[in-house]
Novice: 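Can you read through this structure? Questions will come right after.
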Amino acid sequence: MSKIEIKNLTKSYSRGSRSFEAVKNASLTVDSGEFVCLIGRSGGGKSTLLNLIAGLLNPDSGLVLINGQNIYDLGDDELTVFRNRTMGYATQGNSLLYSLSVLDNVRLPFFFDSCFGDGLDKALLLLDEVGASALKDSFPSQLSGGELRRVSLARALINNPSILLADEPTNDLDKKSAEEIASLLKRLNERTGLTVLAATHDVDLSHRAGRALEMDGGVLS
Ligand SMILES: Nc1ncnc2c1ncn2[C@@H]1O[C@H](COP(=O)(O)OP(=O)(O)OP(=O)(O)O)[C@@H](O)[C@H]1O
Ligand SMILES: [Mg+2]
């Protein structure tokens, strides 16, 4: 079964009195264990597509199937549970909570369901994997852009997702740090079978993916 299947997905936005399609009739199948990159010009619709796949946006038309489940058939609460069980999403914008330490940001999902434990060991392990252990007691306002990206990635992985959506995971990183994150994604993909769908302008990262698809003007090709 495909891990991610999108069929004829369209999403319009309005700007002033004008409406335009940020995603136009996009279809895509990602199999379990694949590493796929979305590349293309700024404004091409990559983040919008990832938000649709994560169920954070509703499309005008089309389907998103995750493990065969049409996510738009789920109610809000069901979708939240489903998303937490299947996907991690490191968004392009910073989604960390500024009142919590880095460590608590990474293990945030554990605060909502105590039967999982406190997430401490797992969070420390992930911070180590993304090279951010030294930042565990800092707060997001004290971090650089690249450090925020590393921490966001650790948080996206805390639930042991089988799918990782990563939007510009190497943005704001120097070349060496970008290579480290690209290697980490590749390693997770190969070692654990994590399915990775990443949007990027980073050619080195896209070269590590099994497939790179271009998205321009809302059209995926
Ligand atoms: N909430 C919104 N309301 C209106 N227009 C939006 C909204 N979000 C995005 N857009 C527009 O939709 C288009 C696609 O944006 P999107 O963020 O998906 O592109 P992108 O490919 O991720 O770009 P980048 O590479 O710069 O991250 C752009 O023209 C953008 O300005
Ligand atoms: Mg984007």
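When a ligand or atom number is given, it counts from 1 through the structure's own listing order. Everything numeric here is computed off the predicted structure, so don't read it as measured data.
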Novice: Which bit of M215 gets closer than 4.0 Å to ligand 1, counting heavy atoms only: side chain, backbone, both or neither?
Specialist: neither
Novice: Give the residue, atom name and distance (to 0.1 Å) of the protein heavy atom nearest atom 17 (O) of ligand 1.
Specialist: S47 CB, 3.6 Å
Novice: Report, in ascending order of atom number, the atoms of ligand 1 lying under 4.0 Å from any heavy atom of A22.
Specialist: 12 (O)
Novice: If I take every N, O or S atom of Q92, is at least one of them less than 2.8 Å from the Mg ion (ligand 2)?
Specialist: yes
Novice: I'd like to check which ligand 1 atoms, numbered from 1 as shown, lie under 4.0 Å from a non-hydrogen atom of G44.
Specialist: 19 (O), 20 (P), 21 (O)
Novice: N/O/S atom of S42 under 2.8 Å from the Mg ion (ligand 2), yes or no?
Specialist: no
Novice: I'd like the name of whichever of L38, N51, T48 reaches closest to atom 15 (O) of ligand 1 through any heavy atom.
Specialist: T48
Novice: In ligand 1, which numbered atoms sit nearer than 4.0 Å to a non-hydrogen atom of Q92?
Specialist: 27 (O)
Novice: Find out whether F110 and L120 are in side-chain contact, i.e. whether some heavy atom of one side chain is under 4.5 Å from a heavy atom of the other.
Specialist: no
Novice: Is the contact between S42 and ligand 1 made by the side chain, the backbone, both, or neither, using heavy atoms and a 4.0 Å cut-off?
Specialist: both
Novice: Out of G16, G218, G43, indicate the one that has the non-hydrogen atom closest to atom 20 (P) of ligand 1.
Specialist: G43
Novice: List the steps, then state whether salt bridge (Lys or Arg N to Asp or Glu O under 4.0 Å) holds for E34 with R211.
Specialist: CA-CA 8 Å; E34 270 202 285; R211 275 194 291 156; 2.9 Å; yes
Novice: Can you report which non-hydrogen protein atom sits closest to atom 9 (C) of ligand 1, along with the distance?
Specialist: Y13 CE1, 3.4 Å
Novice: Contact between H201 and ligand 1, counting heavy atoms under 4.0 Å?
Specialist: yes
Novice: Mind listing the closest non-hydrogen atom pair of A178 and T170 along with its distance?
Specialist: O-CG2, 3.6 Å
Novice: Show me which atoms of ligand 1 lie under 4.0 Å from any heavy atom of R15.
Specialist: 5 (N), 11 (C), 29 (O), 30 (C), 31 (O)
Novice: Apply side chain to side chain contact (heavy atoms under 4.5 Å, CB included) to residues F20 and Y13 and explain how you reach the verdict.
Specialist: CA-CA 6 Å; F20 69 98; Y13 288 127; 3.8 Å; yes
Novice: Test your reading of the structure: does G40 have an N or O sitting under 3.5 Å from an N or O of ligand 1?
Specialist: no
Novice: So, for L143 and S138, which heavy atoms are closest and what is the spacing to 0.1 Å?
Specialist: CD2-CB, 3.9 Å
Novice: Would A199 count as a contact of ligand 1 if the rule is a heavy atom under 4.0 Å away?
Specialist: no
Novice: Going from CG on N171 to NE2 on H201, what distance comes out if it is rounded to the nearest 0.5 angstrom?
Specialist: 7.0 Å
Novice: Would you say the side-chain atoms of N51 pair up with the backbone N or O of L56, donor to acceptor, closer than 3.5 Å?
Specialist: no
Novice: Is it true that R149 and S177 share a donor-acceptor pair across their side chains at a distance under 3.5 Å?
Specialist: no
Novice: Just so I know, are the side chains of L184 and R187 near enough to count as touching, which here means a heavy-atom distance under 4.5 Å?
Specialist: yes
Novice: Considering all heavy atoms of both residues, which atom of P161 and which atom of A156 are nearest to each other, and what is their separation?
Specialist: CG-O, 3.5 Å
